[in-house]
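The next block holds one structure in the form of structure tokens; read it before the comments.
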Amino acid sequence: MFSEMFSISDHQHMARALQLAERGLYTAMPNPRVGCVLVKDGVVVGEGWHERVGEPHAEINALRAAGDAARGATAFVTLEPCSHHGRTPPCADALIAAGVARVVVAMQDPNPQVAGRGLALMAEAGIAIEVGLMAAEAGALNVGFVSRMTRGRPWLRLKTASSLDGKTALANGVSQWITGPAARADVQRLRARACAVLTGIGTVLADDPQMTLRDFDTGRQPLRIVVDSHLRTPPTARIVQGEGAWIVCAEADRVRRDALLDAGALTWLQPGADGRVDLPALMTELAGRGINELHVEAGATLNGALLAAGLVDEWIAYLAPSVMGDPARGLFALPEYTQMSEAHVFRLTDVRQLGDNVRLTLRPGVG
């Protein structure tokens with residue numbers, strides 16, 4: 001549906017800018033995914049997107065592509081141009097220096113260091129500023145960055161794979177494979193777009209997973225984080241091999257900690273009052289470490305604890321057309337509820353078939 005304040009061509013150019021921004025889906029973090037299109041006299045004269053942290057932003061790449069044709073052009077940008085000096089100079093200054101006449105922005109930057117300053121800077125320089133074109137689409141593309149900037153915690157995406165009766169493994173622990181190749185490949189894409197993958201010590205001890213990307217080359221691997229209250233992760237566990245493994249605990253035996261450190265894993269204390277890892281505090285800590293989207297693949301204990309703490313923002317549930325029986329392992333370890341009002345309610349936002357499996361996308365609350 002078109003906004004009345006923007007033309008059809010405005011929508012088309014911003015849609016293209018969003019397409020460009022999506023090219024940074026797997027690589028731009030912890031920065032936002034941003035695209036920019038420069039248009040002059042109805043003709044696209046420059047395009048760009050932000051690929052990796054420390055490299056030029058979308059606006060700079062578009063200005064370089066446009067050259068002198070940027071003067072008098074309209075810039076369509078999916079996120080407010082930055083106004084502060086970070087790893088790169090301010091993009092607002094670059095647009096001003098290039099002589100851009102108009103800037104159309106999908107959404108204001110939620111980063112307190114920017115938050116309208118880039119818009120004000122360009123407006124003061126005489127550039128026509130318009131904000132709000134396809135804002136919802138831009139926000140969805142950067143849901144983790146927005147969450148980190150506005151709520152001080154990552155966007156937590158919980159992934160489960162189960163039978164139709166909600167079972168994740170047989171009673172003896174056998175779980176490979178509940179879902180088919182198409183669903184498993186889809187999980188790789190979810191891992192790839194996340195800054196970090198989170199699991200629990202129960203999964204590490206039972207399955208010894210790597211939690212890495214396979215057959216999906218992005219040039220990077222997400223961080224691997226284990227919630228391990230009593231520091232039981234073996235130094236030989238596959239998840240700690242190589243760089244990028246963090247073990248979060250509530251108590252730290254020095255010998256175990258040093259062994260994990262020698263294996264290449266970072267450990268830190270995040271104790272809660274109950275002797276377990278303080279999960280809300282962990283989310284705050286992860287945001288401070290630049291984690292935008294947190295992908296969770298865990299067992300019933302951690303799944304239940306995250307849900308009970310109100311930390312699940314999105315649930316991706318893969319369902320297989322099978323029934324595994326009553327003794328099999330379930331999705332969430334939660335206390336018994338006696339009233340329907342106590343149940344956790346989700347709204348369904350997407351349904352799609354992947355081979356013989358169905359993927360449900362759900363968010364908390366009634367919709």
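Keep in mind the model is a prediction, meaning the values are calculated, not measured.
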Exercise for review: Indicate if L198 and I316 have the same hydrophobic cluster label, given that clusters are the connected sets of ILVMFWY residues with side-chain heavy-atom separations under 4.5 angstrom.
Suggested key: no
**Study point:** Salt-bridge contact R359-D186 (side-chain N to carboxylate O under 4.0 Å)
**Key:** yes
**Study point:** Donor-acceptor contact present, side-chain E137 to main-chain M14, <3.5 Å
**Key:** no
Point to revise | Under 3.5 Å donor-acceptor, T179 side chain and A183 backbone | key: no
Point to revise | Straight-line distance of L331 CG to T168 OG1, nearest 0.5 Å | key: 6.0 Å
Check your understanding: Linking I/L/V/M/F/W/Y whenever their side-chain heavy atoms sit closer than 4.5 Å, directly or via other members, would M5 and M134 fall into one cluster?
Key -> yes
**Study point:** H11 and F6 aromatic ring geometry - parallel, tilted or perpendicular at 30°/60° bounds
**Key:** perpendicular
**Study point:** Value rounded to 0.5 Å, distance of CZ in F346 from CZ in R363
**Key:** 12.0 Å
Check your understanding: If you measure from the Lys or Arg side-chain nitrogens to the Asp or Glu carboxylate oxygens, is any gap between E297 and R191 under 4.0 Å?
Key -> yes
**Study point:** R276 CZ: over 12 foreign heavy atoms closer than 6.0 Å
**Key:** no
**Study point:** Close side-chain approach of E22 to L141, heavy-atom, < 4.5 Å
**Key:** yes
**Study point:** Minimum side-chain heavy-atom gap I247-L266 below 4.5 Å
**Key:** no
Exercise for review: Look at the side-chain heavy atoms of Ile, Leu, Val, Met, Phe, Trp and Tyr, link any pair under 4.5 Å apart, and say whether V277 and I225 land in one connected group.
Suggested key: yes
Review point. Any luck finding a side-chain donor-acceptor pair between T160 and S162 under 3.5 Å?
Key: no
Exercise for review: Mark yes or no: R289 above the aromatic ring of W246, with NZ or CZ under 6.0 Å from the six-membered ring centre and no more than 45 degrees from the axis.
Suggested key: yes
Point to revise | Atom CG of D274 with >12 non-hydrogen neighbours under 6.0 angstrom | key: yes
Review point. Is there a side chain to side chain contact (heavy atoms under 4.5 Å, CB included) between M107 and E80 once you walk through the steps?
Key: CA-CA 6 Å; M107 63 176 288; E80 175 186 356; over 6 Å; no
Practice item. For the residue pair E293 and R193, establish whether any side-chain heavy-atom pair is separated by less than 4.5 Å. Key: yes
Check your understanding: Are L79 and V53 connected in the hydrophobic side-chain network, where two residues link if heavy atoms are under 4.5 Å apart?
Key -> no
Revision key, fill the gap. Which of I291, L294, V197 passes side chain to side chain contact (heavy atoms under 4.5 Å, CB included) with P222? It is V197
Check your understanding: Going by heavy atoms in the side chains, are D278 and P271 under 4.5 Å from each other?
Key -> no
Review point. Any Lys/Arg nitrogen of D207 or R238 sitting under 4.0 Å from an Asp/Glu carboxylate oxygen of the other?
Key: no
Review point. Is there a path of hydrophobic side-chain contacts, each under 4.5 Å between heavy atoms of I, L, V, M, F, W or Y residues, that connects L307 with L319?
Key: yes
Check your understanding: Does the side chain of D109 reach to within under 4.5 Å of the side chain of P81, using non-hydrogen atoms?
Key -> no
Review point. When rounded to the nearest 0.5 angstrom, what is the spacing between CD in Q19 and OG1 in T78?
Key: 12.0 Å
Exercise for review: Applying side chain to side chain contact (heavy atoms under 4.5 Å, CB included), run through H57 and N31 and close with a yes or a no.
Suggested key: CA-CA 10 Å; H57 289 185; N31 286 354; 4.2 Å; yes
Check your understanding: So, for L311 and L156, which heavy atoms are closest and what is the spacing to 0.1 Å?
Key -> O-CB, 3.2 Å
**Study point:** Rounded distance (nearest 0.5 Å) linking atom CZ of R220 with atom CG of D217
**Key:** 11.5 Å
Exercise for review: Check whether more than 12 heavy atoms from other residues, nucleotides or ligands sit under 6.0 Å from atom CG of D165, and answer yes or no.
Suggested key: yes
Practice item. Could you walk me through whether Q188 and T212 pass side chain to side chain contact (heavy atoms under 4.5 Å, CB included), step by step? Key: CA-CA 9 Å; Q188 291 293 307; T212 54; over 6 Å; no
Review point. With the threshold set at 4.0 Å, does a side-chain nitrogen-carboxylate oxygen contact exist between D350 and R352?
Key: yes
Check your understanding: Are the charged groups of R23 and E51 less than 4.0 angstrom apart, N to O?
Key -> no
Review point. Between R151 and D313, is there a side-chain N and carboxylate O pair less than 4.0 Å apart?
Key: yes
Point to revise | Distance in Å, T233 OG1 paired with D208 CG, rounded so as to fall on 0.5 Å steps | key: 10.5 Å
Check your understanding: Nearest heavy-atom pair of L205 and R232: which atoms, and what distance?
Key -> CD1-NH1, 3.6 Å
Review point. Out of curiosity, Q270 CD to T284 OG1, how far, rounded to the nearest 0.5 Å?
Key: 8.0 Å
Practice item. For the residue pair L18 and L20, establish whether any side-chain heavy-atom pair is separated by less than 4.5 Å. Key: no
Study note, to complete from the structure: Closest non-hydrogen atoms of L63 and V100, given as atom of the first, atom of the second and distance, are CD2-CG2, 4.3 Å
Review point. Is C91 close to I60 at the side-chain level, that is, under 4.5 Å between some pair of heavy atoms?
Key: yes
Check your understanding: For D262, does the CG atom have more than 12 heavy-atom neighbours from other residues, nucleotides or ligands under 6.0 Å away?
Key -> yes
Practice item. Name the orientation class of the two ring planes belonging to F76 and H13 (parallel below 30°, tilted from 30 to 60°, perpendicular beyond 60°). Key: tilted
Review point. Minimum heavy-atom separation for F145 to P30, with atom names?
Key: CD1-O, 3.8 Å
**Study point:** Side chain proximity check, L302 to I201, heavy atoms < 4.5 angstrom
**Key:** no
Practice item. Please name the pair of heavy atoms, one in A308 and one in H344, separated by the smallest distance, quoted to 0.1 Å. Key: CA-CE1, 4.2 Å
Exercise for review: Show your reasoning for whether side chain to side chain donor-acceptor pair (under 3.5 Å) applies to R148 and N292.
Suggested key: CA-CA 6 Å; R148 178 162 67 90; N292 291 337; 2.5 Å; yes
Exercise for review: Check A245 against I239 and note the closest heavy-atom contact, atom names and distance.
Suggested key: CB-O, 3.4 Å
Practice item. Let me see the working for E251 and H230 under side chain to side chain donor-acceptor pair (under 3.5 Å), right down to the final yes or no. Key: CA-CA 6 Å; E251 58 181 17; H230 307 298; 2.9 Å; yes
Exercise for review: Give the C-alpha distance, both sets of side-chain angles, the deciding distance and a yes or no for side chain to side chain contact (heavy atoms under 4.5 Å, CB included) between T361 and E314.
Suggested key: CA-CA 7 Å; T361 302; E314 189 174 34; 3.4 Å; yes
